[in-house]
Protein chains: 2
Amino acid sequence: MPRDGSITRTSIMDSAQQLILNQGFSATSVDSVIEKTGITKGAFYYHFDTKAELALALVERYAALDHEHLEMNMKQAEELSRDPLQQMLIFAGLLKAEMEGLVEPFPGCLYASYCYEAQLFTEDTHQIIENMMLEWRQRLSAKFSEIMEIYPPKLEVTPESLADMILVIYEGVFIMSKTLKEPAMTAVQLGQYRNYIELMFEKPAA
Amino acid sequence: MPRDGSITRTSIMDSAQQLILNQGFSATSVDSVIEKTGITKGAFYYHFDTKAELALALVERYAALDHEHLEMNMKQAEELSRDPLQQMLIFAGLLKAEMEGLVEPFPGCLYASYCYEAQLFTEDTHQIIENMMLEWRQRLSAKFSEIMEIYPPKLEVTPESLADMILVIYEGVFIMSKTLKEPAMTAVQLGQYRNYIELMFEKPAA
DNA sequence: TTATTTATACCGACTAGTTGGTTTAAATAA
DNA sequence: TTATTTAAACCAACTAGTCGGTATAAATAA
């Protein structure tokens, strides 16, 4: 029986992702990846035919985690209340809580990293990112449609724009907190999403 | 007297900025910049001692425009109303209006681009970006402090977090709209910032 | 006028080093 | 006995940056 190569494969991907989030894909040479991983070039090219294949594998793994992240929290929220608005508020609260007490290393998003080096990647790589963004939109806008059947929004909004806003805030706050070295910002800004939903739909206090 | 070199210098910077927003700084070789500009290597190195100096010059120019963008719109808002809340709502509305009817090329932010290649830049380059983010925070949180002296916020928030949120939304929506190729998102999401402020502070309709 | 000087602006071949990627043969481990 | 990994040599293409030379045009001088 051969030994388990998936350990090496995983640690290559871990090293590469860290490097990519800090210096971009282009500046992340294969040499720097193997040095950080502590392996040789032969081992790298045993697991990945090309550097582009590594890029694809990374975003596939990242998207799979993102999918789980969305579904796990949404399911949990759906179990904790039967009301769609409460579900949505719980969901936002769970995402906020995840980021509470966050310290270094500052979070970063592979989608954003790839976005600003877009021309270096192939269409299939972009497709994975696009699909995940659309999955968030679909899952959450369906929820907002439910909400809007019960609660009239205080201002004119579409379910899609409310759904999109959470990824907008994630991507934006990652950039801000990384630049200003203020990891605490992340939870605070996610909290403002919760605030917005609450103010948009809940009855004013009597 | 020699001919005007500032034209060449400006067009180098324009080409470089476009390339950097699409493929990152690292992948933007000096060769690709001179090819796009239609000049030679000698001309490039006449205007910039190193590639790093170009990076600095670009972010300096970008930050100067950003400063004007903030001040111009804020001043205009301050002229259109005497009430700080109305000023803030007008300000958000002006920013939204700028992005209305936006088509290709999709907007991108140099701060975000540099953020995901952070390790490639020197401290002074980072400082410019950090200072501009803090300038937005300072200018807007002062305004929110004024607002909160008059209007009680419906939920617990800090002036700083409300101030930060607008850059969060800018950075986030640029990534989303670029990836999904939906330039119209930009104005919509800026509109939601306006909504949030309105809901947070305005009296509910009687 | 006309010739010369001067400073800036620009050219393009060149260098020294790095890149992603390949190949080979041997070593290691289950 | 087969999958995994090492170590090292190798390549063509590309990288940032250099340097001697040239073009431009206004200022100066004969």
Side-chain angles (χ1 to χ4, degrees), chain A residues 1-59 113-114 116-122 124-125, chain B residues 1-20 22-59 61 113-114 116-122 124-125:
Chain A
M1 282 293 125
R3 52 204 147 129
D4 187 7
S6 73
I7 294 165
T8 303
R9 190 184 157 91
T10 300
S11 70
I12 290 172
M13 290 173 74
D14 293 343
S15 310
Q17 184 163 322
Q18 270 187 56
L19 290 170
I20 288 169
L21 288 176
N22 284 320
Q23 55 182 19
F25 180 74
S26 182
T28 301
S29 67
V30 174
D31 281 332
S32 70
V33 172
I34 67 172
E35 191 194 23
K36 190 178 174 81
T37 313
I39 55 154
T40 61
K41 226 161 192 192
F44 178 90
Y45 280 103
Y46 176 77
H47 289 285
F48 301 98
D49 286 347
T50 63
K51 198 190 167 192
E53 203 180 287
L54 169 66
L56 179 60
L58 279 173
V59 83
S113 176
Y114 281 33
Y116 277 101
E117 288 182 288
Q119 290 198 346
L120 309 182
F121 302 101
T122 50
D124 50 353
T125 302
Chain B
M1 281 294 122
R3 47 197 209 261
D4 186 7
S6 72
I7 294 165
T8 302
R9 190 185 156 91
T10 299
S11 69
I12 289 172
M13 291 174 72
D14 293 342
S15 309
Q17 184 163 322
Q18 272 187 53
L19 289 169
I20 288 169
N22 284 320
Q23 56 182 20
F25 180 74
S26 183
T28 301
S29 67
V30 174
D31 281 332
S32 69
V33 172
I34 67 172
E35 191 194 22
K36 190 178 173 81
T37 313
I39 54 157
T40 62
K41 222 149 204 201
F44 178 90
Y45 280 102
Y46 174 78
H47 290 285
F48 302 98
D49 286 347
T50 62
K51 197 190 165 192
E53 203 181 286
L54 168 66
L56 181 60
L58 279 174
V59 83
R61 183 179 73 165
S113 176
Y114 281 33
Y116 277 101
E117 288 181 289
Q119 290 197 347
L120 310 182
F121 302 101
T122 51
D124 52 351
T125 302

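Since the model is a prediction, treat every value here as computed from it, not as a measurement. In what follows, every chain begins at residue 1, and chains take the letters A, B, ... in the order their sequences are listed.
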[X] has an atom [atom1]; how far is it from atom [atom2] of [N], in whole Å?
{"X": "Leu120(B)", "N": "dT15(D)", "atom1": "CG", "atom2": "C1'", "value": "14 Å"}
{"X": "Glu53(B)", "N": "dG17(D)", "atom1": "CD", "atom2": "P", "value": "10 Å"}
{"X": "Tyr46(B)", "N": "dG20(D)", "atom1": "OH", "atom2": "C1'", "value": "17 Å"}
{"X": "Ile34(B)", "N": "dC14(D)", "atom1": "CD1", "atom2": "P", "value": "14 Å"}
{"X": "Leu19(B)", "N": "dT15(D)", "atom1": "CG", "atom2": "P", "value": "12 Å"}
{"X": "Ile39(A)", "N": "dA8(D)", "atom1": "CD1", "atom2": "C1'", "value": "15 Å"}

inquiry  = dC10(C), OP1 or OP2 - any side-chain N/O from His47(B) closer than 4.0 Å?
reply    = yes
message = Measuring to OP1 and OP2 of dA9(C), would you say a side-chain N or O of Thr8(B) lies under 4.0 angstrom away?
response =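 It does not, given that no N or O in the side chain of Thr8(B) lies less than 4.0 Å from OP1 or OP2 of dA9(C).
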ask   = With sequence neighbours left out, what residues match Tyr114(A) under ring pair (Phe, Tyr, Trp, His ring centres under 6.0 Å)?
value = Phe121(A)
Results of salt bridge (charged side-chain N to carboxylate O under 4.0 Å, His left out) for Asp14(A) - residues two or more places apart only =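 So Asp14(A) forms a salt bridge (charged side-chain N to carboxylate O under 4.0 Å, His left out) with Arg61(A).
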inquiry  = Does anything in residues 49-58 of chain B form a side-chain hydrogen bond (donor to acceptor under 3.5 Å, both in side chains)? List the pairs, not counting sequence neighbours.
reply    = none
inquiry  = Test of understanding: with side-chain contact (heavy atoms from CB on, under 4.5 Å), list the residues that count as partners of Ser11(A), not counting sequence neighbours.
reply    = Thr37(A)
message = Going by side-chain contact (heavy atoms from CB on, under 4.5 Å), name the residues that satisfy it together with Ser32(B), two or more places apart in sequence or in a different chain.
response = Leu19(B), Gln23(B), Thr28(B), Ser29(B)
Between the protein and nucleotides 19-21 of chain C, list the N/O to N/O atom pairs that are separated by less than 3.5 angstrom.
residue, atom, partner, partner atom, Å
dG20(C), OP1, Lys51(A), NZ, 3.3
dG20(C), OP2, Val30(A), N, 3.1
dG21(C), OP2, Tyr45(A), OH, 3.4
dG21(C), OP2, Lys51(A), N, 2.7
dG21(C), N7, Lys41(A), NZ, 3.2
dG21(C), O6, Lys41(A), NZ, 2.9

inquiry  = Taking pairing as Watson-Crick or G-U wobble with both contacts under 3.5 Å, can you name the mate of dT23(C), or confirm there isn't one?
reply    =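 By the stated definition (distances under 3.5 Å), dA8(D) pairs with dT23(C).
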query = Is the closest side-chain heavy-atom distance between Val33(A) and Ile12(A) below 4.5 Å?
reply =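 Result yes, sub-4.5 Å side-chain heavy-atom pair found.
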query = For Gly42(A) and Ala43(B), take the nucleotide of DNA chain C holding the closest heavy atom to each; which residue's nucleotide lies nearer the 5' end?
reply = Ala43(B)
